[in-house]
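What follows is a short report on a single structure.
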Amino acid sequence: MASTETKAPSTAEAGDSSGDIAGLEAGLDALESRVVDRQPWLRTATSKALPPLIAIAIVLGLWQLAYHFELKPHYLLPSPVEVGHSLQQKWLEGTLLSFVWTSVSRGALGFLASVAIGTVLGLIVARVKAVRAAIGPILSGLQSLPSVAWVPAAIIWFGLSDATIYTVVLLGAVPSIANGLVAGVDQISPLYLRAGRTIGATGFAGVRHVLLPASLPGYIAGLKQGWAFSWRSLMAAELIVNAPDLGTGLGQLLEQGRELQDMSWVLSAILLILIVGIGIELLIFAPVERRVLRSRGLLVKS
């Protein structure tokens, strides 16, 4: 009676098998990897600038069509050319840059104060469980509260002054920055925290060298949202808090146009507010976010 023998795979065969698996993995990695060729800077700039320019042209075209077919009377819906003439008039008067600078300087100062307060508050909430349980839900509630709701209370507290405007900005921006930092700290791997403690990075050193660098993606998202909230809060405060001693910002400019029933003036102010908000995002926050993501291998440099 013949016996059946099972032959164990030889070392050479096992090596060939492992080599095939390694080759398969390398092939799959190659399929998922994308080789990005460096393009000329002019082509890169054109590819990035062309889509927004096309979108702006479409919006202006639809706006002109609405004006042409009188979807609203012309005194209620001026044409893009009339709004451009209004901006040109403010520029020739020499007041346009002062309006923009008044609001931008207020927004920058209020935002920097919000960053200082929100960062400290976010670190405390993220690392102290009792504090998180006590004020974590309050921060989330404050973040969802419209900033304009604080204006009447701030006027009663501080009157028609800069303190009222900055109070509204702080109450609008601080919760977003703190919550963004809390979210970033929550996403840090416990391995990083243990490694930091092992090398002696505790206390302020741990915050500086471990917590803040590791939580940067969430923190930057909170900063972006905090700037958006501070800019919106500032415009809401300037619309209501209007006094000669305060100077004229974009919010006050918008309110003056409403009082004069000049829609070209109103739309010019809205356009300036939009341009400043987009400009800050593109010139400051977008490059910082790209740099952080690229340093973590989450964005391929083209």
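Between the Gln261 side chain and the Arg258 main chain, a donor and an acceptor come within less than 3.5 Å of each other. Judged by distance alone, with hydrogens and angles left aside, the side-chain atoms of Gln252 form a donor-acceptor pair with the main-chain N or O of Val241 at under 3.5 Å. A donor-acceptor pair is defined here as one N or O able to donate and one able to accept, closer than 3.5 Å; such a pair exists between the side chain of Ser144 and the backbone of Gly141. Between the side chain of Ser105 and the backbone N or O of Thr102, at least one donor-acceptor pair lies under 3.5 Å. With hydrogens and angles disregarded, no donor-acceptor distance shorter than 3.5 Å links the side chain of Trp63 to the backbone of Leu77. Without hydrogens or angle criteria, Glu259 side chain to Gln256 main chain gives no donor-acceptor distance under 3.5 Å. Counting only distance, with no hydrogens or angles, the side chain of Ser86 and the backbone of Val83 share no donor-acceptor pair below 3.5 Å.
For Ser230 against Val169, the heavy-atom pair with the smallest separation is CB-CG1, 3.7 Å. The shortest non-hydrogen separation linking Gly172 to Ser233 is CA-OG, 3.6 Å. For Glu238 against Leu250, the heavy-atom pair with the smallest separation is OE1-N, 3.4 Å. In terms of heavy-atom proximity, Glu281 sits nearest to Pro287 at O-CD, 4.4 Å. Across all non-hydrogen atoms, the minimal contact from Pro137 to Arg132 is CD-O, 3.7 Å. What you find for Gln143 and Pro175 is that their closest heavy atoms are N-CB, 3.9 Å.
The ring pair (Phe, Tyr, Trp, His ring centres under 6.0 Å) with Phe111 is formed by just one residue from the set Phe229, Trp231, Trp227; it is Trp227.
We find the CZ-CD1 distance between Phe285 and Ile280 to be 7.5 Å, quoted to the nearest 0.5 Å. Rounding to the nearest 0.5 Å gives a distance of 12.5 Å between OG1 of Thr248 and CG of Leu254. Within the model, atoms CG of Leu121 and CD1 of Ile135 stand 4.5 Å from one another, a figure rounded to the nearest 0.5 Å. How far CG of Asp186 is from CG of Leu181: 9.5 Å, rounded to the nearest 0.5 Å. The CG atom of Leu76 sits 11.0 Å away from the CD atom of Glu70 when rounded to the nearest 0.5 Å. Taking OG of Ser79 as the start and CG of Leu65 as the end, the distance is 12.5 Å to the nearest 0.5 Å.
Met235 is listed as a side-chain neighbour of Ser103, based on a closest heavy-atom distance under 4.5 Å. Taking the side chain as every heavy atom from C-beta outward, Leu142 and Leu171 never approach each other to under 4.5 Å. Counting only heavy atoms from C-beta outward, the side chains of Ile270 and Leu267 approach each other to under 4.5 Å. Considering only heavy atoms from C-beta on, Ser264 comes within 4.5 Å of Glu82 through its side chain. Counting only heavy atoms from C-beta outward, the side chains of Val288 and Leu223 never approach each other to under 4.5 Å. Ile56 places a side-chain heavy atom less than 4.5 Å from the side chain of Leu60. The side-chain heavy atoms of Asn179 and Gln225, taken from C-beta on, include no pair separated by under 4.5 Å. Ile165 is listed as a side-chain neighbour of Leu234, based on a closest heavy-atom distance under 4.5 Å.
A single hydrophobic cluster is seen to contain both Ile284 and Tyr219, as judged by linkage of ILVMFWY side chains at heavy-atom distances under 4.5 Å, directly or through other members. Clustering ILVMFWY residues whenever any of their side-chain heavy atoms sit less than 4.5 angstrom apart, transitively, puts Phe69 in a cluster other than the one holding Tyr75. Connection of Ile138 to Leu145 is established within a shared hydrophobic cluster, with ILVMFWY side chains joined at heavy-atom distances below 4.5 Å, either directly or through further cluster members. The cluster map of Ile, Leu, Val, Met, Phe, Trp and Tyr, joined by side-chain heavy atoms under 4.5 Å apart, puts Val104 and Val168 in the same cluster. Using a 4.5 Å cut-off between side-chain heavy atoms of Ile, Leu, Val, Met, Phe, Trp and Tyr, with links allowed through other members, Leu97 and Ile275 fall into the same hydrophobic cluster.
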Side chains of residues 150-161: which donor-acceptor pairs under 3.5 Å do they make with residues two or more places apart or in other chains?
from   : atom 1 : to     : atom 2 : distance (Å)
Ser161 : OG     : Phe158 : O      : 3.0
Ser161 : OG     : Ala163 : N      : 3.4

Distance-only donor-acceptor hits, side chain of residues 87-96, under 3.5 Å, sequence neighbours excluded:
from  : atom 1 : to    : atom 2 : distance (Å)
Gln89 : NE2    : Glu93 : OE2    : 3.3
Thr95 : OG1    : Lys90 : O      : 3.4

Next item on the list: Just do the side-chain contact (heavy atoms from CB on, under 4.5 Å) check on Leu139 and Val182 with the steps written out, would you?
Entry: CA-CA 11 Å; Leu139 280 178; Val182 170; 5.6 Å; no
Next item on the list: Show the numbers, then the answer: is there a side-chain contact (heavy atoms from CB on, under 4.5 Å) between Val125 and Val185?
Entry: CA-CA 10 Å; Val125 172; Val185 172; over 6 Å; no
Notebook entry, point to check: Going through the distances and angles, do Trp265 and Leu260 end up as a side-chain contact (heavy atoms from CB on, under 4.5 Å)?
Noted result: CA-CA 9 Å; Trp265 194 328; Leu260 296 174; 3.1 Å; yes
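Cluster partners of Ile278, by chain and number: Leu274, Leu282. The rule joins Ile, Leu, Val, Met, Phe, Trp and Tyr whenever side-chain heavy atoms lie under 4.5 Å apart.
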